[in-house]
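One structure is given below, encoded as structure tokens.
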Amino acid sequence: MDRIRIVGGNELHGIIPISGAKNAALPLMIASLLTSDTLTLENVPHLADVEQLLRILGNHGVDVSVNGRRERQEDSYSRTIHFTCRTIVDTTAPYELVSKMRASFWVIGPLLAREGHCRVSLPGGCAIGTRPVDLFLDGLTALGANLEIDSGYINATAPKGGLIGAKYTFPKVSVGATHVMMMAATLARGTTVIGNAAREPEVVDLANCLIAMGAKITGAGTSTITIEGVTTLSGARHRVLPDRIETGTYAMAVAMAGGDVVLENTDVTLLDTALETLRRAGAEISATNNGMRVRRNGAGIRPVDIVTDPFPGFPTDLQAQFMALMTRSTGVSHVTETIFENRFMHVQELARLGAKISLSGQTAKIEGVPRLKGAPVMATDLRASVSLVIAGLAAEGETMVSRVYHLDRGFERLEEKLTRCGAIVERVSE
Ligand code: UD1
């Protein structure tokens, strides 16, 4: 199993290209199930989660070709992929496939809307909380679906004539349930109004793609999304938006290691709250034509408290990385996690590097230390694992991160991007 070896102490200087957003690419790929025409997605990142979803979509009958050819391009940063689902050949999403990645459960929306029935395994995914599916089921039930749980599967059936538009307000903000309800409602009869919808940029990106496919959607990016159902959707060409979590992660890496880096192909407006927090911690950040420049020269890292929240709040997917940064701050900071109940698994690994962190319920208290010392650590989930890499960049000596398959799920060529900026980061295969 691969490990990542980091020798800390080098500043970062150079350019890092930001990939397309994993969390947008996944729902966009799933949207290809809604049409028999070709959906072309540009800027699709090359990640384990994307490859896994390609397998899942293939199982349902989606024909995939990469950059017009059928073979994979192993060495391009981002790819253009064409998805064509002339007919849905299988409406079952089996446990063996869905258990590997939670987002694959989202096929339930398009399958149900297009075929009127499906059987989808309950999901797996990162072990960062119980992550139930009640909101998905309540939303689809509001559209008239009949849902039964049977041996770990959801058997879903639409009423005769298809799903029916409805007004439904989520009791809690869910990105995935918003994606699914929006996709399902595009082909429902009548108008759907989703209340308390997720406002994440990835929801807006999916809505824009669906609109290009002929869907009638207004309000994406606000907490009320209105969808007027249409009978069919067509193909479209759409570019996946930049990965704001990858952007924020590298911005934090620069804040941690010091240096001066341009993050290319991204957009400061996607992560206002996180960047403002980083500025308060001492990073200098300025927008460029095509991204942003991040610097920290000499000055210490100031302690800043954060609370994670749905967009536009501080993203839970940057919480672990920010905590890593705070381990080197000049005082005491607090990190409160409000989205997932078990998202502090990086705490004990950061402690192995010498961090001083104590937990009380959903809040971590971090007492900055003058130095971290490299050690063997273990990645526990996607974002936690990259927080260990960030800590390793500033730790004295060698940090060896094991179980890096978590990183490969969501960070395209991490070691290459960091090495080009002067870090000592290498993949060690066994
Ligand atoms: C998405 C992101 C993930 C991010 C999360 C929150 C993707 C592929 N993943 O995950 O990286 O960390 O948003 O920004 O886009 N919940 C319920 N019932 C449900 C659904 C969710 O209680 O039916 C809860 C979850 O347990 C969690 C909260 O709602 O506590 C938010 O989860 P949600 O927004 O659904 O996260 P995901 O869409 O799974």
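FYI, side chains are in, hydrogens and waters are out, and symmetry mates aren't considered; it's all heavy atoms of this structure. One-based numbering, in listed order, for ligands and for the atoms of each.
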**Asked** Does a donor on one side chain and an acceptor on the other come within less than 3.5 Å for Glu337 and Gln362?
**Response** no
**Asked** Can you find an N/O atom of Ala177 closer than 3.5 Å to an N/O atom of ligand 1?
**Response** no
**Request:** Identify whether the distance between the nearest side-chain nitrogen and carboxylate oxygen of Glu276 and Arg280 falls below 4.0 Å.
**Result:** no
**side-chain hydrogen bond (donor to acceptor under 3.5 Å, both in side chains) partner of Arg119, chosen from Asp150, Thr91, Thr92** = Asp150
**Request:** Consider every N or O of Thr316 and every N or O of ligand 1, then say whether any pair is closer than 3.5 Å.
**Result:** no
**Item:** Sub-3.5 Å N/O-N/O distance, Val175 and ligand 1
**Value:** yes
**Prompt:** Going by heavy atoms in the side chains, are Val347 and Met323 under 4.5 Å from each other?
**Reply:** yes
**Item:** Part of Gln319 within contact of ligand 1 (heavy atoms, under 4.0 Å)
**Value:** neither
**Complete:** Under 4.0 Å between heavy atoms, the region of Glu341 that gets near ligand 1 turns out to be neither
**Prompt:** What about Asn23: any of its N or O atoms under 3.5 Å from an N or O on ligand 1?
**Reply:** yes
**Asked** What do you reckon, is OH of Tyr95 surrounded by more than 12 foreign heavy atoms closer than 6.0 Å?
**Response** no
**Item:** Options Thr178, Asp309, Leu135, ranked by nearest heavy atom to atom 16 (N) of ligand 1, top entry
**Value:** Leu135
**Message:** If the cut-off is 4.0 Å to any non-hydrogen atom of Arg343, which atoms of ligand 1 fall inside it?
**Reply:** 12 (O)
**Message:** Salt bridge check, Lys172 against Asp138: does any charged N sit closer than 4.0 Å to a carboxylate O?
**Reply:** no
**Request:** Flag the pair Arg403 and Asp381 as a salt bridge only when some basic side-chain nitrogen lies within less than 4.0 angstrom of an acidic carboxylate oxygen.
**Result:** no
**Part of Asp317 within contact of ligand 1 (heavy atoms, under 4.0 Å)** = side chain
**Any Trp106 heavy atom less than 4.0 Å from ligand 1** = yes
**Asked** Contact between Glu202 and ligand 1, counting heavy atoms under 4.0 Å?
**Response** no
**Message:** If you measure every N or O of Ser174 against every N or O of ligand 1, does any of those distances drop under 3.5 Å?
**Reply:** yes
**Gly176: numbered ligand 1 atoms lying under 4.0 Å from its heavy atoms** = 35 (O), 38 (O)
**Item:** Leu143 side chain reached by Ile164 side chain, heavy atoms, under 4.5 Å
**Value:** no
**Item:** Nearest candidate to atom 18 (N) of ligand 1, where distance is taken over non-hydrogen atoms, out of Leu26, Ile245, Asp134, Leu53
**Value:** Asp134
**ligand 1 contact on Lys172 by region, counting heavy-atom pairs under 4.0 Å** = side chain
**Request:** Check each of Arg420, Arg427, Arg5 against Glu415 using the salt bridge (charged side-chain N to carboxylate O under 4.0 Å, His left out) test, and report the only one that passes.
**Result:** Arg427
**Request:** Would you check the N or O atoms of Arg102, main chain and side chain alike, for any that come under 3.5 Å of an N or O of ligand 1?
**Result:** yes
**Prompt:** Under 4.0 Å from any heavy atom of Phe136, which atoms of ligand 1 are there?
**Reply:** 20 (C), 23 (O)
**Prompt:** Salt bridge check: are Lys22 and Glu246 linked by an N-O gap of less than 4.0 Å?
**Reply:** no
**Proximity to ligand 1 by part of Ile339, non-hydrogen separation under 4.0 Å** = both
**Asked** Are side-chain heavy atoms of Thr316 and Arg343 found at a separation under 4.5 Å?
**Response** yes
